[in-house]
Number of protein chains: 2
Amino acid sequence: MKVTIKDIAAAAGVSPATVSLVLNNRPSRIAEETRERIKKTAEELGYTPNSAAVLLKTNRSYTLGLLIPDIRNDYYGKYAKGMEDACQAKGWSAFFCTTNNNPLKERQYIETLHAKNVDGISIITTPSNQSALFLENRDLILSYGIPMVQMDMTGYRKPANAVISDHFKGGYMAARHLISLGHTEIAFITGPKFLEGSASRILGCKKAFEDAGLNWNPSLVFEGNYSYESGYVAIDNLISQKFTAVFAFNDLMAYGVYNSLDKYNLKIPDDISVVGYDDNFTSSIINPPLTTVYQPIYEMGQTTAEILIHAAEHPDHEPVVKEFDLQLIVRKSTRDIRNDI
Amino acid sequence: MKVTIKDIAAAAGVSPATVSLVLNNRPSRIAEETRERIKKTAEELGYTPNSAAVLLKTNRSYTLGLLIPDIRNDYYGKYAKGMEDACQAKGWSAFFCTTNNNPLKERQYIETLHAKNVDGISIITTPSNQSALFLENRDLILSYGIPMVQMDMTGYRKPANAVISDHFKGGYMAARHLISLGHTEIAFITGPKFLEGSASRILGCKKAFEDAGLNWNPSLVFEGNYSYESGYVAIDNLISQKFTAVFAFNDLMAYGVYNSLDKYNLKIPDDISVVGYDDNFTSSIINPPLTTVYQPIYEMGQTTAEILIHAAEHPDHEPVVKEFDLQLIVRKSTRDIRNDI
DNA sequence: CTGTTAGCGCTTTCAT
DNA sequence: ATGAAAGCGCTAACAG
């Protein structure tokens, strides 16, 4: 059925060992004439190496595992794409595993990934990730001795690699943008407070207020959970108060804000300015296009793969933390109100 | 490092063969007491079977490969999720491979998948898929003897499984909906004409016109390519003509229509009604929510996995074609104009 | 310059 | 009721 190096060896009149040497371009002194003959018959027979055999022998799968909460979330989709592309560029593969934020499912996948001998695993902080079960999962990976990179896991420091962005700065940028447009009463829809990323963004916002000499109003802060619905509900809860702008800590919640505001007949940006975070695909096509904080998530995925591949190839690899810059994308959902009556 | 059955055998004082028998629940008469002891030590040592070894021996990877144009497209995302969930339910895994509609990349992935001994492959028709290179890829999979299911590949009949939906009916449903709302001048933004699915939808639309005794106006048909931009451009091209509704052959193009219409100060659905196709996530949160034809794409993904797993487990498996029902989701982007002045 | 050999971890038939 | 042994396809150390 499947053609093996034995078949090639027989067809080319050499031994399997020679075939292996040639096909892997090992530095050995095989006659040029023999080389050609072997390569040619391999090509003719349509040979593909059996990676299970290679793996069993070398203990290297050239495969990475990626644990993501949800592939359908554009944010994670971009990250996954970045990893996949970087893998492909180096001849590696990636296993995508969707955990749905379920620690048991995540654990199961980690075991599968271990069984499949992946050479590295990427994990992501999610709204419920700080639970003990999730932390146990991190330790499981470490105990298997599999290189791992933590994406956006600001709070959990273990001897492992990390790929992060500066949430404090992101919060600061968004708030400052709104303030520079004359907004002083700003509603904030945050992520779960136990998430460090969300907490840092709030700190960034407060700093922006402080720098501008503005008063911080805690009653305009609503704790969301990064879902569309929580953005929608947030407005219902805040609507009785006065505010001219809202900063939602991710785009998904901003979409909820859009529709909730529409229900109250409030126009964006005429009545209320809105800022999001992440820059999902939808944010540029929605009406009005959403001003948002862009995270180079695709690049973070690429870097994750590169770190993991490096770690796999260099057993003496030292844990590394890469931080990425944020960028404010100004679109049509925010407006200068300084010249209003 | 990694614990093997040998380790368990040593610890439990039995032979590796016995361990294998017990851990795989093979029907053999191992003493209950021994069974327990083996299972317990396996648990204690944290044993995970080495799937490379299992694969090498059994020639079964319990893994499926999925060739998709783009994981970031929600349509494919749902499909991938369906496959992944069905795999997980049966203890299988899935490899996601993003081809970007590049036949060379697809080919490369097929070879990788073959090298990794996947037990089945799913492929999807895409806007450029009918090219000779893509068709060669199908044949490559077949030549490897790997079970395959073609998703939405209405035009290419080979001895292979398929998972499809009735495009003719989908086109008919959308057009009839608009007609029932009093629209007689409807613009159509189709997919590439070489795609059978798109062609069938047009036929369905024509049939709806015919059934309603309406005249078909070819100048209101614009050939798009299923991208956001092509929906946007379509309106630029059609705007000089009179129409009260547009049916875009996918949601992405409908989003382009939304923004292009906005540019001309045309309101949805007040001035123009819009219907899409696919029911992406964005369609329910966009303003106004988009009326669209829902394809049970998640279920199609599940079924794909089930067919593939079945085929892998039954070498005598006969090719099967599963057709799925469509559903019109009526939201706020379409409006009854019969009582207008 | 090329071939022989052992063995990676597991399954499975055949002996005991 | 359990164990010994062969072998899946490949690589790498060692022979020749």
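Please read these numbers as outputs of a predicted model, since none were measured by experiment. In what follows, chains carry the letters A, B, and so on, assigned in the order in which the sequence lines appear, proteins first and then strands, with residues in each chain numbered from 1.
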Rounded to the Å, how far apart are A:Leu21 CG and C:dC1 P? 13 Å
What's A:Thr4 touching, base or sugar-phosphate or nothing? Going by heavy atoms closer than 4.0 Å. sugar-phosphate
Salt bridge or not for A:Asp85 and A:Lys90, using N-O below 4.0 Å? no
Is any side-chain nitrogen or oxygen of B:Tyr47 closer than 4.0 Å to OP1 or OP2 of C:dG9? no
5' precedence on DNA chain D between B:Pro16 and B:Thr58 (nearest-nucleotide basis): B:Pro16
Rounded to the nearest angstrom, tell me the gap between atom CG in A:Leu55 and atom C1' in C:dG9. 10 Å
How long is the line joining NZ of A:Lys6 and P of D:dC10, in whole Å? 9 Å
Steps toward side chain to side chain contact (heavy atoms under 4.5 Å, CB included) verdict (B:Leu113, B:Phe95): CA-CA 8 Å; B:Leu113 257 15; B:Phe95 252 114; 4.0 Å; yes
Any N/O donor-acceptor pair, B:Lys57 side-chain to D:dG7 base, under 3.5 Å: yes
In whole Å, I'd like the distance from the CG atom of A:Asn117 to the C1' atom of C:dC10. 12 Å
Taking only Lys NZ, Arg NE, NH1 and NH2, and the carboxylate oxygens of Asp or Glu, determine whether B:Lys40 and B:Glu44 approach each other closer than 4.0 Å. yes
Roughly how many Å is it from CZ in B:Arg60 to P in C:dT12, rounded to a whole number? 12 Å
With sugar-phosphate meaning primed atoms plus P, OP1 and OP2, does A:Asn24 contact a base, only sugar-phosphate, or nothing at under 4.0 Å between heavy atoms? sugar-phosphate
B:Ser20 side chain N/O closer than 4.0 Å to the phosphate oxygens (OP1, OP2) of C:dT11? yes
Specify the separation, in whole Å, of atom CD1 of B:Ile8 and atom C1' of C:dT11. 14 Å
Quick one: which of D:dC10, D:dT2, C:dG9 gets closest to the side chain of A:Ile5? D:dC10
Length of the line joining B:Tyr62:OH and C:dC10:C1', which is rounded to integer Å: 12 Å
What is the distance from CG of A:Asn59 to P of C:dG7, rounded to the nearest Å? 17 Å
Between B:Trp92 and B:Leu64, what is the shortest heavy-atom contact and its length? CZ3-CD1, 3.5 Å
Below 4.0 Å: OP1/OP2 of D:dG3 and any side-chain N or O of B:Ser15: yes
As a test of reading the structure: which of D:dT2, D:dA5, D:dC10 is closest to the side chain of B:Thr34, going by heavy atoms? D:dT2
Does a nitrogen or oxygen in the side chain of A:Thr18 sit under 4.0 Å from OP1 or OP2 of C:dT2? no
B:Ala53 side chain, from C-beta outward: closest of C:dC10, C:dT11, D:dT2: C:dC10
Shortest side-chain distance from A:Val14, nucleotide among C:dG3, C:dT11, D:dC8: C:dG3
Give, for atom CD of A:Glu323 and atom CE of A:Met300, the distance between the pair rounded to the nearest 0.5 Å. 9.0 Å
